[in-house]
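What follows is a short report on a single structure.
Values in this document were obtained by computation on a predicted structure and should not be read as measured data. Count residues from 1 along the sequence.
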Amino acid sequence: MASGEWRVDEQGIPATELTKVGVADADRVDFHSPLATHDSPLSLIADIFPSGLNGALRRWPNVETQTLSLFDKRAGLTPSWRPHWPKVPTVGLTFPLGFEFQPKPDEAAEGLKKIEPPKVAESELTERAARPTDKKVTRLKPPSDAISLEDRLFYLLQPPLQTMLAGQELIMPFEPFPYQYEGIAWLFEQKSALLADEMGLGKTMQTITAIRLLLRGGKIRRVLMVCPKPLIPNWQREFKAWAEELPLTVLEGDSVRRRMLWQMPVPVLLVNYELLVRDWADMLDDERPTFDLVVLDEAQRIKNRDSCTSETARSVPRKRSWALTGTPIENRPEEMHTLFEYIKVIPKGGSPDLRQMQRLSRDFVLRRTKDLVMKDLPPRLDREEILELTPAQKTAYMAAENDGIIHLNEMGDQATVQHVFELVLRLKQITNFDPLTGDSVKFERLAADMEEISASGGKAILFSQWTKTIDWLAERLPSECGTLIYHGGVPHKQREPILTKFKEDPNAHLLLMSYGTGAVGLNLQFAGYVFLYDRWWNPAVEDQAINRAHRIGVKNAVIVTKFICKDTIEEKIDKVLHEKRELFRAVLGDGDSSNVSLSLTASEIFGLFDLKARHGKGTKKIAPACSAPIHGGERAIPTR
């Protein structure tokens, strides 16, 4: 074996060692045969791009596919799976097919009579037959904004309102008066309307009848009625009397029930102002319903443009806007701007001048007074009882007045209207009764009048701006008066039974009411006497209170007694109110007065007293810099 070579046995033992272990030459293997070799370079066989990526990334991956059949071979083309449709939750409601205005033959109402025209003497029949009839009929006129031929023909082809109401046999308690026919026709054709008839002329029945006809004609489907909370029972009663076939829904209950009622498509939904503001704020924009007609009763509630109530009422989506109020102006003419904005005849935030307001009033405001349309209505007899204070009252009054004037004089220029109001209220309360002795000349006169009224079986209403005065009177009046109390301290559930008892109980002769609670929306035409125990600041509010009794349905004259104590603050207030009443008539009519205030201004309040302040060696008269109306005066006075 050459040097440098190394042979290995197949068992891995060197050949030199095989000899030693005794391996035969024949069993030896020749290891001189060449071995097969293969060269493998140690460098990597991979392309690397300058970006650092491997070129193998460009290769498409191997994707394995498998074909599956969606159809069962045994069922032909019928799919082996079925789609699953989830069950939609539904709520079942049953609604009437329509309103039956025509009574069924088998349900003929008993005790009803057909409205007939007035009878004439037989001698006049021949003369009338020879000439065309001159009976005035009320026809519906197309609105001024009706452009399409279809809309104009709808109104022109309607029969007269008298024929419509009589021919369709719409049950009514009694035939409307001629001016009420005109009011119904006017509302029927108006999309923007402010019905401002004087209190007691039937704004409620005109509104209900117009709604009745609009629903019947298919012009509207959803109506929202908004009114003060105490008037909810009154509207329920009037709807039952004038439109008994219309389903009326009152929004009440907890928040869940109210939310459901808001979404239900009921024909007429009745809600009070407080719930409207509360629920409207809780609803999202897409949850707020849309109405064909929104009616605001006692619309002076929204006179303050920046109040939450006013903003909410103006934000309700609607196609028609009606407002009802007997006092469209309570303090100043600017209050009508908010009403005009609500009925959408002026832009948001608009402030028309007097000439523009008169033009808007001719088109969108309808106002009638009792002295013009109800000439046969029993008269209203006003009497002012000028009374002399009792000695105790006079002593307390003089002491309070002197102390108050001295205090105001000492304040000088720092005296404000609020300080004067406090003195006025204190003096007015003393004229009602002396807080120390309880003496009251007004009570003595009231007790004497009520003795006569109770003996004759009459009924009387007394108004005061203080609940404390009402409670004081109720404790001292004799039991023969059958005194009842109705003010803001009485729970709402007890108010309607009180009014029912006052009407039906022959022993209930006197109802004590506060201006704030009983001055609006109540029908008390069975009372023949009204007492104003103390005077309100605004003549319009006093008229509202008096017209609770002096309204349609009254059979006898209504006697209104206004108690005024001589040589007191009440005489001065009465003089100013007389002047304000004349201005009130001028603004609502065609007068040319502009920017007049119907409540007492700051100058007038200071003018109730001879106030002076020390100025150098002399004195000077105290008066405000301008005669701005006192907007918050009524709110500063406790009324309930």
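Summarising the local packing, CD of Glu384 is surrounded by more than 12 heavy atoms from other residues, nucleotides or ligands at distances under 6.0 Å.
Residues Arg426 and Glu401 are not paired through a salt bridge, judged by the lack of any N-O separation under 4.0 Å between the basic side chain and the carboxylate. The pair Asp197-Arg368 counts as a salt bridge, with a side-chain nitrogen and a carboxylate oxygen less than 4.0 angstrom apart. For Glu385 and Arg445, the salt-bridge test passes: some basic side-chain N is under 4.0 Å from an acidic carboxylate O. Under the 4.0 Å criterion applied to side-chain N and carboxylate O atoms, Lys566 and Asp574 are not assigned as salt-bridge partners. Salt-bridge check for Glu388 with Lys394: passed, with a basic side-chain N closer than 4.0 Å to an acidic carboxylate O. Salt-bridge annotation for Glu238 and Lys240: absent, with no side-chain N of the basic residue lying under 4.0 Å from a carboxylate O of the acidic one. Under a 4.0 Å N-O distance rule, the pair Asp534/Lys428 does not qualify as a salt bridge.
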Arg314/Asp306 under salt bridge (Lys or Arg N to Asp or Glu O under 4.0 Å): CA gap, chis, key distance, verdict: CA-CA 11 Å; Arg314 287 181 278 124; Asp306 299 329; 5.9 Å; no

Pair Leu389-Thr568, side chain to side chain contact (heavy atoms under 4.5 Å, CB included): steps then yes or no: CA-CA 9 Å; Leu389 291 176; Thr568 65; 3.7 Å; yes

Lys203 and Glu298: CA distance, side-chain angles, deciding distance, salt bridge (Lys or Arg N to Asp or Glu O under 4.0 Å) verdict: CA-CA 11 Å; Lys203 293 187 295 293; Glu298 301 298 339; over 6 Å; no

CA sep, side-chain torsions, deciding dist, call: Leu446, Tyr533, side chain to side chain contact (heavy atoms under 4.5 Å, CB included): CA-CA 9 Å; Leu446 174 65; Tyr533 200 76; 4.3 Å; yes

Criterion side chain to side chain contact (heavy atoms under 4.5 Å, CB included) on Asn432 and Lys442, from CA distance to verdict: CA-CA 6 Å; Asn432 284 348; Lys442 294 182 180 180; 3.1 Å; yes

Side chain to side chain contact (heavy atoms under 4.5 Å, CB included) evaluation trace for Ile559 with Val530: CA-CA 6 Å; Ile559 301 176; Val530 176; over 6 Å; no

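The backbone N or O of Ile453 lies less than 3.5 Å from a partner atom in the side chain of Ser456, making a donor-acceptor pair. Checked by atom type and distance alone, the side chain of Arg380 never pairs as donor or acceptor with a backbone atom of Val558 at under 3.5 Å. Checked by atom type and distance alone, the side chain of Lys459 pairs as donor or acceptor with a backbone atom of Ala508 at under 3.5 Å. Looking only at distances, no side-chain donor or acceptor of Arg535 sits under 3.5 Å from a matching main-chain atom of Glu571. Side-chain atoms of Arg548 do not come within 3.5 Å of backbone N or O of Gln525 as any donor-acceptor pair. Side-chain atoms of Asp505 never come within 3.5 Å of backbone atoms of Lys501 as a donor-acceptor pair (strictly under, hydrogens ignored). Counting only distance, with no hydrogens or angles, the side chain of Gln393 and the backbone of Thr431 share a donor-acceptor pair below 3.5 Å. Judged purely by atom type and a 3.5 angstrom limit, Thr312 has no side-chain atom pairing as donor or acceptor with the backbone of Thr309. At least one donor-acceptor pair closer than 3.5 Å links the side chain of His509 to the backbone N or O of Gly458. For the pair Gln465 (side chain) and Ser514 (backbone), a donor-acceptor distance under 3.5 Å is absent.
With rounding to the nearest 0.5 Å, the separation of CH2 in Trp242 from CD in Gln206 is 9.5 Å. Once rounded to the nearest 0.5 Å, the distance linking NE2 of His550 with CG of Leu524 reads 14.0 Å. Distance check: Phe443 CZ to Thr390 OG1 gives 12.5 Å after rounding to the nearest 0.5 Å. Leu231 CG to Met225 CE: the interatomic distance, rounded to the nearest 0.5 Å, is 10.0 Å. Distance check, rounded to the nearest 0.5 Å: CE of Met336 to OG1 of Thr338 gives 10.5 Å. Taking OH from Tyr273 and OG from Ser307, the interatomic distance works out to 10.5 Å, rounded to the nearest 0.5 Å.
Side chains of Thr249 and Leu261 form a contact here, defined as non-hydrogen atoms less than 4.5 Å apart. Between Leu381 and Val560 the shortest side-chain heavy-atom distance does not fall below 4.5 Å. The closest side-chain heavy-atom distance from His487 to Arg495 is not below 4.5 Å. Within the 4.5 Å cutoff, side-chain heavy atoms of Tyr397 are placed close to those of Ile569. Contact check for Pro247 versus Val266: no side-chain heavy atoms found under the 4.5 Å cut-off. Here the side chains of Leu425 and Leu427 are not in contact, with every heavy-atom distance at 4.5 Å or above. The side-chain heavy atoms of Ile470 and Phe463, taken from C-beta on, include no pair separated by under 4.5 Å. Between Phe433 and Thr469 there is a side-chain heavy-atom pair separated by less than 4.5 Å.
In this structure, Leu296 and Ile302 approach most closely via the heavy-atom pair CD1-CD1, 3.7 Å. Here the closest heavy-atom approach between residue Gly326 and residue Arg367 is recorded as O-NH1, 3.2 Å. Considering every non-hydrogen atom in both Tyr181 and Pro176, the closest pair reads CE1-O, 3.6 Å. Between Ala400 and Leu423, the shortest heavy-atom contact is O-CD1, 3.7 Å. Of all non-hydrogen atoms in Ile546 and Leu532, the two that sit nearest each other are CD1-CD1, 4.2 Å. When all heavy atoms of Asp297 and Pro228 are compared, the pair lying nearest together is O-CD, 3.8 Å.
Donor-acceptor pairing under 3.5 Å is lacking for the side chains of Arg305 and Ser310.
No option in Val250, Val271, Leu251 other than Val250 meets the side chain to side chain contact (heavy atoms under 4.5 Å, CB included) test with Ile232.
The aromatic rings of Phe177 and Tyr179 lie parallel to each other, with less than 30° between the two planes, well short of the 60° mark.
In this structure, Tyr486 has its ring center no closer than 6.0 Å to that of Phe502.
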Under 3.5 Å, sequence neighbours excluded: what are the donor-acceptor pairs made by side chains of residues 474-484?
unit_1 : atom_1 : unit_2 : atom_2 : d
Arg476 : NH1    : Trp472 : O      : 3.3

